[in-house]
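Notes follow the structure.
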Protein chains: 2
Amino acid sequence: MRYKCAVKSFKVVHIVRHGVRANASVNGAQSIRRAAQILRVVASFSGRGATLGEVVASSALQKATVHRMLRALCEEGLVEQDELTRNYRIGVGIFALNASMGDRFDIRSLAQDALQRIRDQTEDTVYLAIRSGYDGLCLALYEGTYPEKTLKLSVHDRWPLGVGAFSMPLLAFLPDGEVNEIIEHNAVRLAGDELHTAALLLKRVGDTRARNYAVNTIEAYPTMCAIGVPVLDAQQRPIASVCLTAIISRMPPERRERIATLLWAESKKISEAWQQLRSVVAQVDSWRTIQPGRKAQATQVGV
Amino acid sequence: MRYKCAVKSFKVVHIVRHGVRANASVNGAQSIRRAAQILRVVASFSGRGATLGEVVASSALQKATVHRMLRALCEEGLVEQDELTRNYRIGVGIFALNASMGDRFDIRSLAQDALQRIRDQTEDTVYLAIRSGYDGLCLALYEGTYPEKTLKLSVHDRWPLGVGAFSMPLLAFLPDGEVNEIIEHNAVRLAGDELHTAALLLKRVGDTRARNYAVNTIEAYPTMCAIGVPVLDAQQRPIASVCLTAIISRMPPERRERIATLLWAESKKISEAWQQLRSVVAQVDSWRTIQPGRKAQATQVGV
DNA sequence: ACAAATATTCCACATTATGGACCGAGCAAA
DNA sequence: TTTGCTCGGTCCATAATGTGGAATATTTGT
């Protein structure tokens, strides 16, 4: 009864075609789905941009299809093609769309105070991350004041979902179905990485859920310890994650627990602020008045 | 020879179907085009969100089509539906995509210094705007120190392209074809507004181009005067606009000229910074290494 | 200069998206 | 309560749209 949305026929159609399988819950939207996927893939290459081939390789779509879609997305301004390298990257159109929402999604400024409080209380380095496609994307970093630093991650870094204590909460607090899908998807690019096999990731998801926060001790960095918790929205879906790192000597079990509690407390505050912003969203933002005409809205100009 | 992009067959196909006409330069991408249009429409309603009917009215598309697309966009996270009002608004997915580009599109911080310089030198209020769909969207405002203020515009306000001195440069410095298309598009919602008929807008576009900056004196606010110039990218396309407003008594013709020169100078600086950001974009951003595999990129994890 | 890799385009075909008609919930007036 | 209206959501026969294999063009590397 959570979602009011009246979806009558929630058909899950398995289309097997040319060996490619896709499951769609909305019919008649294949190309939108694909376009969105392509956008995510392009985004995952950050500012460097992705070549056509890379997008094809990362999307399990036909080259011609990808190309056609990228061209269309370019013309719509959602993607832009580097004149020199011909790489495709996210375009200003996305920025413009995002800007229309004002700062309502700017979790960075929303979380700012909370993160600083954590940093000040712990003297350790604190990170904020969001999900971006199949990656966790580090949005902000508040460097700790404690002399021995553990800077392994910088702003704009993106790690596969579930890899790292900042990325894991974004994965682990998703419903099982999505967790599986994501792990399966990432398995391809994590192939050969013995530290992040599908089985290991799945196990760590379980561990994270059980202890209610993510820890990264083992793995590639034996000298540091990171603790991460998600920021959940009203539907208990992770919208972001907050993560703290310190050298391992500063992280005895009891301090871990204390840190996790602190992170959760601040996470709750962030999600409250988020939800508040969501609930006032319905009110009119600006000066404009809408008068739906025959074919388009009429905007009252003047005043 | 401006665009390197090798478009061989630039077919303009006029599809007349059920009385709806569309011109497409990329074939086989109707639904992407439509989806993008819907995104823009939804964005134009800001945080309030748009009802299904409003989107239909503003998009000249069929209700069923719009609904299906909105649902798909929702599932992809590019749009979200308010649980209460059922209005559709831009979703976090857009934020995530935008975040992947780091601050490369954040013209707001790029322009910050320039705008402050202008404000400090003139004591008047300065605005920064971008194009968002068929509107100019005010992104930032630096309030002047001169006692008599002329605050008519706030951050997040959106005015139809060409209406207002901050919005006009975004329109006027576009190629003719696009200017016409935009004016035509906006004509519907500006219907009945005698101050902004298509003919008047077109004339003002010409005037703006001739004098090389936009002025807004007449119109609805006889007490104030606004001057606006675009920020152009490497292809001379407007990416933003900078606008200054003051009470009309502070704006004799010679000062207008001086202001315009100042605005242009700062605009140039902004666009240099913009282009700089663009040119280093090709370099690798972060730790990740791409190894295109059979089906997906392989990301080197660790280090 | 040649080959290999990569990007772009073409086009016959059928899968996918279309849109007119329909349904039903919510609401206001009768 | 009933009637009538609006508006969000759904259905499904139909053909237009998007597909993708293959051909071609371009760039890159040696």
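For the numbers below, each heavy atom of this structure counts, side chains included, while hydrogens, waters and symmetry mates do not. Chain naming here is simple, since letters A, B, ... match the order of the sequence lines and numbering starts at 1 in each.
Distance, Glu54(A) CD to dT6(C) C1': 11 Å, rounded to whole Å. Between the CG atom of Asp82(A) and the C1' atom of dA7(C) there is a distance of 15 Å, rounded to whole Å. The distance between atom CG of Leu52(B) and atom C1' of dG19(C), rounded to the nearest whole Å, is 14 Å. Taking atom CG of Asn87(A) as the reference point, atom P of dT6(C) lies 12 Å away to the nearest angstrom. Straight-line distance from the CG atom of Leu70(B) to the P atom of dC7(D): 16 Å, rounded to whole Å. Between the P atom of dT9(C) and the CE atom of Met69(A) lies a distance of 16 Å, rounded to the nearest Å. Rounded to an integer number of Å, the gap from Gln62(B) CD to dA15(D) P is 17 Å. We find that CG of Leu61(A) is positioned 18 Å from P of dT15(C), with the value rounded to whole Å.
Under 4.0 angstrom from either OP1 or OP2 of dT8(C) there lies at least one side-chain N or O belonging to Tyr88(A). The phosphate of dA17(C) (OP1 or OP2) has a side-chain N or O of Ser31(A) nearer than 4.0 angstrom. Here Arg68(B) reaches the OP1 or OP2 of dT18(C): one of its side-chain N or O atoms lies under 4.0 Å away. Between Arg86(A) and the phosphate of dT8(C), there is a side-chain N or O to OP1/OP2 separation shorter than 4.0 Å. For dA17(C), neither phosphate oxygen OP1 nor OP2 lies less than 4.0 angstrom from any side-chain nitrogen or oxygen of Gln30(B). Phosphate contact (OP1/OP2 of dG9(D), side-chain N/O of His67(B), threshold under 4.0 Å): present. Distances shorter than 4.0 Å separate some side-chain N or O of Gln81(A) from OP1 or OP2 on dT8(C). Distances shown here put a side-chain N or O of Arg34(B) below 4.0 Å from the OP1 or OP2 atom of dG19(C).
Between the side chain of Lys63(A) and the base of dG20(D) there is no donor-acceptor pair of N/O atoms closer than 3.5 Å.
Under the rule for a side-chain hydrogen bond (donor to acceptor under 3.5 Å, both in side chains), the partners of Glu178(A) that lie at least two apart in sequence or sit in another chain are Arg237(A). In terms of the salt bridge (charged side-chain N to carboxylate O under 4.0 Å, His left out) criterion, Asp106(B) has no residue partners (sequence neighbours excluded). With sequence neighbours left out, Arg40(A) forms a side-chain hydrogen bond (donor to acceptor under 3.5 Å, both in side chains) with Glu76(B). Listed by chain and residue number, Glu54(A) satisfy the side-chain hydrogen bond (donor to acceptor under 3.5 Å, both in side chains) test with Thr51(A) (two or more places apart in sequence, or in another chain). Residues satisfying the side-chain hydrogen bond (donor to acceptor under 3.5 Å, both in side chains) criterion with Gln62(A), sequence neighbours excluded, are absent altogether.
Checked by atom type, the side-chain pair Arg34(A)/Thr65(A) shows no donor-acceptor distance below 3.5 Å.
Side-chain contact between Arg131(B) and Leu174(B) is present, with heavy atoms from C-beta onward closer than 4.5 Å. In this structure, Asn87(B) and Phe45(B) have side chains that are not in contact, with every pair of non-hydrogen atoms separated by 4.5 Å or more.
In this structure, the helix from dA1(C)-dT30(D) to dA30(C)-dT1(D) shows an angle of 50° between the axis at its start and the axis at its end, each fitted on 5 base pairs and rounded to 10°.
Of the residues near DNA chain C, Ala64(A) and Ile32(A), the one whose nearest nucleotide (by heavy atom distance) lies more toward the 5' end is Ala64(A).
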